[in-house]
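Chain naming here is simple, since letters A, B, ... match the order of the sequence lines and numbering starts at 1 in each.
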Amino acid sequence: MTEDQSAYEHPLVAARLAKVEAMRAAGEEPYPVNFERTDTAAQLHAMYGELPPSTDTGNRVSVAGRLMNTRDIGSLVFGVLQDGSGQIQLFVEADRLGDRFADFDDLDPGDWIGAEGEVVTTKRGELSVRVERFVLLAKGLRPLPEKWHGLTDVEKRHRYRHVDLLVNEDARMVMRRRVDVVQSIRKSLLDRGYLEVETPVLHHVPSGGLATPFVTHHDALGMDMFLRIALELHLKRLIVGGADRVFEIGRVFRNEGVSPRHNPEFTMLELYEALADYEDMATLTEALVVEAAERVLGTTDITYDGRPMSLKAPWRRLDYVGAVAEATGADWDPAMPIKEARKQAVAAGVEVEDPWGTGRIIAEVFESVVQDTIWEPTFVLDFPEEISPLARRHRSRPGLTERFEVIVAGNELANAFSELNDPVEQRRRFETQAAARAAGDHEAHPMDEDFLRALEYGMPPTGGMGMGIDRLVMLLTDQPSIREVVLFPHLRPE
RNA sequence: GGGUCGCUAGCUCAACGGCAGAGCAGGGGUCUCUUAAAUCCAAGGUUGUGGGUUCGAAUCCCACGCGACCCA
């Protein structure tokens, strides 16, 4: 069945193909060009909420969708029709259909049909369309999964998402909520005067983040290019160009391992606001998440992985270095000698690599001993400069930057800075990163002269924030894996 | 990259060294009020792939493929 060549020879497919050929032989088209629908399933249910049993409404409608199941009672058949809005029962009587009744009986689960008839309720009270006429809209050649259990094999659900969506209500719910979350964020930002923009996916320098890029090649230009790992530097160019508030919701690509929390391509929101700092970004980040939860779920009290969680603002605040100090019972300072930092890290059970400075070591200790302990959304504030090459120095704390991450359920949800806008300082940071890169750190930020040139024209004080949309959707749909919230997750070919 | 587990009919699952089975779907019947309809009959398999052990392998061993989870 999985081999395309032999699929048509499979008895279950061959039987359906034979029906197609029989229809054509009888002068009927199994894949007609169109069908006029008057109502969807959801519209009918909304229109006739609570009718008593055995009601004839006198309303003649036409509906269209996939026939999911039939219950054949001799000269009476009940069908379940599923369209994009929901399901509606078809009530099919031999008396009413005449010669065509046998043809209805010949339909298979999975076939697309259009049906016309009066809206009625059955003796049991089920809202139905009492079919007077029907037409096959598209023959399904492959059998549907089992009607009760549906498709449960995770690999098949992801590989054949179209089947997953048509038989699993949960899959449809997750897709719907993802769409609603993105719409909510877009609305929240548009309402605040942000402009939605699109920036290049193909980059000359894989900049704006610390990650390994995918490399591709431009034939005509004869040069390698990189799929973007972040949206940051082009959006900042737009702030230089005079935009006050911009955002982009776009796909970024990171050439790293696949895990329940990482897909090689994922969706990022990034936004930049002139004359704002990271405190403004914190307020905005809370608002975006709260508004999405309220619009999509109607509440900020959610359950994730079996545990309750409140998304209500204000969120807890935690000092980054302070949290590491508390968790390890040792004093930490980004200015402390690397030797000492290394010793304390080892004491905390963290392995240290040679090119790392104190800031990077603190970051590793944070991820190892603090991050997993955070459940409800928490701002972790003031990151070491070494691991924050695009964030401005903290206005009062040496060695630190004005940067926070939002950690939820042990995962990074968002990352924001008061942006570094001093081009000379930015150049110095890039040079430091380039040195780390030369020393073997493949995820250090590369030099980006083109961006520096933009900064040299003057970027106003700016706040910026990036958020992982997939992770937000995971939270709001209570899904443990990113593969459940990405419609078509990465899989090796069969 | 390492470890553990999984892969049997279209789908959901049994059988765990001794004749590969069931339910649903599909085929043929009965039934005008079903909601996973009920019911009778018949059919459906290279047990992920390739080796090996054995009188005998879905089952034990090895390799490979794909996936899940954990670790790096």
Side-chain angles (χ1 to χ4, degrees), chain A residues 1-4 6-19 22 41 45 51-56 66-82 86-98 101-102 104-111 120-131 139-164 166-169 256-263 305 349-353 364 367-368 372 410 479-484 489-494:
Chain A
M1 251 325 261
T2 53
E3 307 292 326
D4 286 340
S6 60
Y8 290 175
E9 289 160 24
H10 190 281
L12 295 177
V13 176
R16 290 166 179 235
L17 266 177
K19 291 177 183 178
H45 284 292
L51 286 181
S54 301
T55 303
D56 290 358
R66 193 185 293 275
L67 189 63
M68 296 303 288
N69 185 21
T70 55
R71 296 182 284 274
D72 182 350
I73 321 290
S75 44
L76 178 63
V77 176
F78 297 95
V80 177
L81 189 77
Q82 175 172 298
Q87 297 185 335
I88 184 78
Q89 178 165 271
L90 301 179
F91 180 76
V92 185
E93 293 171 298
D95 291 354
R96 210 168 286 271
L97 275 191
F101 184 73
F104 191 92
D105 228 15
D106 224 21
L107 293 171
D108 293 293
D111 288 351
V120 301
T121 55
T122 60
K123 284 179 190 171
R124 289 293 187 84
E126 179 81 20
L127 189 70
S128 308
V129 173
R130 189 170 60 204
V131 176
K139 185 70 187 171
L141 294 182
R142 292 182 183 254
L144 293 185
E146 207 248 342
K147 63 188 170 190
W148 185 240
H149 299 94
L151 194 65
T152 62
D153 182 276
V154 174
E155 181 180 354
K156 285 179 179 148
R157 286 186 38 239
H158 294 161
R159 221 176 265 291
Y160 312 122
R161 185 67 95 185
H162 48 284
V163 181
D164 187 33
L166 76 92
V167 298
N168 290 331
E169 173 69 33
E256 294 161 3
V258 177
S259 85
R261 284 172 176 73
H262 298 87
N263 199 54
D305 197 21
V350 177
E351 284 182 38
V352 179
E353 291 180 22
E364 293 294 327
E367 284 174 26
S368 168
D372 287 347
Q479 294 297 322
S481 167
I482 192 172
R483 285 188 289 270
E484 297 296 341
H490 169 77
L491 292 169
R492 288 174 197 271
E494 280 181 287

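- Between A:Asp111 and the options A:Lys139, A:Lys19, A:Arg142, a salt bridge (charged side-chain N to carboxylate O under 4.0 Å, His left out) holds for only A:Lys139.
- For B:C41 and B:U47, the P atoms lie 28 Å apart once the distance is rounded to whole Å.
- Across all strands shown, B:C7 forms a Watson-Crick or G-U wobble pair with B:G65, both key distances being under 3.5 Å.
- If you measure from atom CD of A:Glu126 to atom P of B:U35, you get 11 Å, rounded to the nearest angstrom.
- Between atom CG of residue A:Leu166 and atom CZ of residue A:Arg66 there is a gap of 4.5 Å, rounded to the nearest 0.5 Å.
- Taking atom CD on A:Glu256 and atom P on B:G1, their separation rounds to 15 Å, with Å as the unit.
- Heavy-atom minimum distance, A:Ile482 versus A:Ser259: CG2-O, 3.9 Å.
- Here B:C33 sits opposite no nucleotide as a Watson-Crick or G-U wobble pair (both hydrogen-bonding atom distances under 3.5 Å).
- Here, B:A36 and B:C16 have their P atoms 33 Å apart, quoted to the whole Å.
- Spacing of C1' atoms, B:G52 relative to B:G45, comes out at 24 Å, to the nearest Å.
- With both pairing distances under 3.5 Å, B:G1 is matched to B:C71 as a Watson-Crick or G-U wobble pair.
- Among residues two or more places apart in sequence or in another chain, the ring pair (Phe, Tyr, Trp, His ring centres under 6.0 Å) test is passed with A:Phe101 by none.
- As a whole-Å value, the separation of A:Arg71 CZ from B:A38 C1' is 12 Å.
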**Report entry** Under 4.0 Å protein heavy-atom contacts per nucleotide of nucleotides 24-33 of chain B, with B for base, S for backbone only and - for none
**Finding:** BBSS---BBB
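- Of the possible polar contacts, none joining the A:Thr70 side chain to the A:Asp72 backbone as a donor-acceptor pair under 3.5 Å is found.
- Atom name C1', nucleotides B:C24 and B:A43: the rounded distance is 15 Å, in whole Å.
- Both distances falling under 3.5 Å, in either a Watson-Crick or a G-U wobble arrangement, place B:G21 opposite B:C13.
- Spacing between B:A58 and B:A9 at atom C1', rounded to whole Å, works out to 14 Å.
- Here A:Arg157 pairs with A:Asp164, A:Glu484 under the side-chain hydrogen bond (donor to acceptor under 3.5 Å, both in side chains) rule; sequence neighbours left out.
- For the C1' atoms, the distance from B:G6 to B:C64 is 16 Å, rounded to whole Å.
- Taking atom NE2 of A:His10 as the reference point, atom P of B:G44 lies 12 Å away to the nearest angstrom.
- For B:G44 and B:A22, the P atoms lie 12 Å apart once the distance is rounded to whole Å.
- Sorted by first then second residue, the salt bridge (Lys or Arg N to Asp or Glu O under 4.0 Å) pairs that include residues 146-156 of chain A, not counting sequence neighbours, are A:Glu155-A:Arg159.
- A:Asn263 pairs by the side-chain hydrogen bond (donor to acceptor under 3.5 Å, both in side chains) definition with nothing, not counting sequence neighbours.
- Rounding to the nearest 0.5 Å gives a distance of 12.5 Å between CD1 of A:Ile88 and CD of A:Gln82.
- Atom P of B:U49 sits at a distance of 11 Å from the matching atom of B:U59, rounded to the whole Å.
- A sub-4.0 Å separation between OP1 or OP2 of B:C11 and a side-chain N or O of A:His149 is absent.
- Put simply, the side chain of A:Arg16 gets close to the backbone of A:Gly140: a donor and an acceptor are under 3.5 Å apart.
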Report summary line: With B for base contact, S for sugar-phosphate-only contact and - for none (protein heavy atoms under 4.0 Å), nucleotides 66-72 of chain B reads SSSSS--
